[in-house]
Amino acid sequence: MIQLTSPFTDDGMRALKVGDEVAISGTLFTGRDVVHKYLHEGGSLPAGVNLRDGILYHCGPVVLPENGGWRVVAAGPTTSSREEPYQAQIIEKFGLRGVIGKGGMGARTLEACRKFGCVYLHAVGGAAQVLAECIKKVRGVSFLEQFGSPEAIWELEVEQFPAVVTMDAHGRSLHQEIFAASQSELIKRL
Amino acid sequence: MSCLQDSLVELIRRASAEIPDDVQRAILGSLHQEKQGTIAESALKLIERNIELAKAKSQPICQDTGSILFFVDAPVGLDQIAWEETAREAVRQATQRGYLRQNSVDSLTGVNDGTNVGPGSPTIHFHQHRAPHTEVRLVLKGGGCENVGAQYALPIEALKANRDLAGCRRAVLDAVLQAQGKGCGPGILGVCIGGDRATGYEHSKRQLLRLLDDRNPVPALDELEQDVLKTANELGIGPMGFGGKTTLLGVKVGVLNRLPASFFVSVSYMCWAYRRQGVTLGADDSIRNWLY
Ligand code: SF4
């Protein structure tokens, strides 16, 4: 297990390879469909949200109010491919070092990872409880009213959040490789 | 609050927080299949831990608590209008308690009012039967796996899929290939051969009410189910698409008549977080027994 701690660095990210298992500690921001479209269309980040050298988590958590703050009840990753039209530009413009999600992303994101020193980290889809346990604190939330709870930007403090590097900064994508291998296995069996 | 509402809230809670036994057994079985030290094995271990944790904390297994699909078998004479109103209240309450995520969005305005109640949510399929009691089955089907579902209109030249069972096999295996890990595999397929575009998908979802280890009573379909399961697990897609031996946990196929002009194969992909539960209700609408 490789330890990753925020703020994340270009060198640190470029040292990672496809298949590495990592444990992330520090700050994460959630952002999913509405946030990506909004930022892509030129929307600006709300005050207090800084994505530079940060990691964006494709996640729409279940969060309940508690003692004047928030408690994360469930927080697994959502499917990342929906953000493919927007991700590369967002990595470049906001200086992201990592994207956490599930299912992998496409060629444009892979290229942006290579160019800007970013990686795609695959969390286990559906593992909402194990991942919620790694969230130690909700530091804040933006766009809650405007976008609704799952689509809001949640600032989370995490400890030992597990993920696997499936797209690295060297142009390798586990998703491309598995697709090609499984396709040729299937052809043999048709 | 009515007894029916209490029962439905409890059904939702249990469906959301506890994976049915047959599914948990299948996941455990697949964990033993994967090579030690692989990322596939790590993923399944995490899934196993997640299942235990959700149950212990009575919290959603997955944060996407999905489309809320009720399948109700009711005696003749049930007041469906009142029943549906109570079910909507139960969904509201289950959402307030965090058993369900605020998960239902107005498709026109994009507004999520946080109640999970609106046109099409929850979806309730009523069916009459001659028995004296009501059976309620509930499936919570997440969006990630729903998005990788697919409907094929045979013949499809590119897949060399003709209008026969071999063509159906090709179509279903193509759906598995295209899905890769995006639907949070290992997955379970509900398939319908025939029907129209709407009934085909509906019937494919209905297959998800079956137990994982049951066998199809129609020999040709049983053979197709076993074959697709075995073949899919030889493709090396694996849990989460990380590579590995477990791509699917089960395949369930049903058939509907079709028009001469149409030949649909509808595939609903269910993620490992296979939330399905059911109850038989007593005369007073309290829960008499659990169906899974
Ligand atoms: S596909 Fe299933 S396990 Fe994956 S995020 Fe959606 S509901 Fe959860």
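Naming convention: chains lettered A, B, ... in sequence-line order (proteins, then strands); numbering from 1 in each chain. Every heavy atom of this structure was used, including side-chain atoms; hydrogens, water molecules and symmetry mates were not.
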If you count heavy-atom pairs under 4.5 Å between each of A:G126, A:A123, A:G148, A:G125 and chain B, which one has the most?
A:G126
Looking at every heavy atom in both B:N50 and A:V130, which two are closest together, and how far apart are they?
OD1-N, 2.9 Å
When B:D113, B:L46, B:L159, B:I51 are compared by non-hydrogen pairs under 4.5 Å with chain A, the top option
B:L46
Which value, rounded to the nearest 0.5 Å, describes the distance between A:Q183 atom CD and B:Q178 atom CD?
7.5 Å
Structural part of A:S81 lying under 4.5 Å from a heavy atom of chain B:
side chain
Against chain B, label A:P150 side chain, backbone, both or neither, depending on which of its atoms sit under 4.5 Å from a heavy atom there.
side chain
From the list B:Q102, B:K182, B:K160, B:Q96, the residue making the most non-hydrogen contacts under 4.5 Å with chain A is B:K182
Output, in order, the C-alpha distance, side-chain angles, deciding distance and verdict of side chain to side chain contact (heavy atoms under 4.5 Å, CB included) for A:F147 and B:N112.
CA-CA 8 Å; A:F147 296 166; B:N112 181 343; over 6 Å; no
Would you find a donor on one side and an acceptor on the other, under 3.5 Å apart, between the side chain of B:Q63 and the backbone of A:G76?
yes
Among the options A:L64, A:L131, A:L186, pick out the one with the most heavy-atom pairs lying under 4.5 Å from chain B.
A:L186
Could you tell me whether a side-chain N or O of B:R101 sits under 3.5 Å from a main-chain N or O of A:A74, the two making a donor and an acceptor?
no
Applying a strict 4.5 Å limit to non-hydrogen atoms, the region of B:K57 in contact with chain A is side chain
At a 4.5 Å cut-off on heavy atoms, which part of A:A75 comes close to chain B: side chain, backbone, both, or neither?
backbone
Heavy-atom closest pair, residues A:K102 and B:G144
NZ-CA, 4.0 Å
Using non-hydrogen atoms only, which part of B:N147 is less than 4.5 Å away from chain A: side chain, backbone, both, or neither?
side chain
Flag yes if more than 12 heavy atoms outside B:E234 fall under 6.0 Å of its CD atom; otherwise flag no.
yes
Roughly how far, to the nearest 0.5 Å, is NZ of A:K188 from CG of B:L235?
10.0 Å
For B:E52, which atoms come within 4.5 Å of any heavy atom of chain A: side chain, backbone, both, or neither?
neither
Side chain, backbone, both or neither: which part of A:V164 has a non-hydrogen atom closer than 4.5 Å to chain B?
side chain
Is chain B contacted by the side chain of A:S182, its backbone, both, or neither, given a heavy-atom distance below 4.5 Å?
both
Output for pair (B:R49 CZ, A:E133 CD), nearest 0.5 Å, gives 7.5 Å
Report the option among A:S149, A:G60, A:P61 that has the most heavy-atom pairs separated by less than 4.5 Å from atoms of chain B.
A:G60
How long is the straight-line distance from CG of A:L174 back to CD of B:Q180, given to the nearest 0.5 Å?
9.5 Å
Which portion of A:P77 sits near chain B, non-hydrogen atoms under 4.5 angstrom:
backbone
Using modelled atom types and a 3.5 Å cut-off, is there a donor and acceptor pairing between side-chain atoms of B:D64 and backbone atoms of A:T78?
no
Region of A:L190 in contact with chain B, defined by heavy-atom distances below 4.5 Å
both
Which distance, rounded to the nearest 0.5 Å, do you find between the NE2 of A:H122 and the CD1 of B:I39?
9.0 Å
Around A:E145, counting heavy atoms of other residues, nucleotides and ligands shown, do more than 12 lie under 6.0 Å from its CD?
no
How many angstroms lie between CD1 in A:I178 and CZ in B:F242, if you round to the nearest 0.5 Å?
9.5 Å
Tell me whether A:Q129 contacts the main-chain N or O of B:P60 through its side chain, where contact means a donor paired with an acceptor under 3.5 Å.
yes
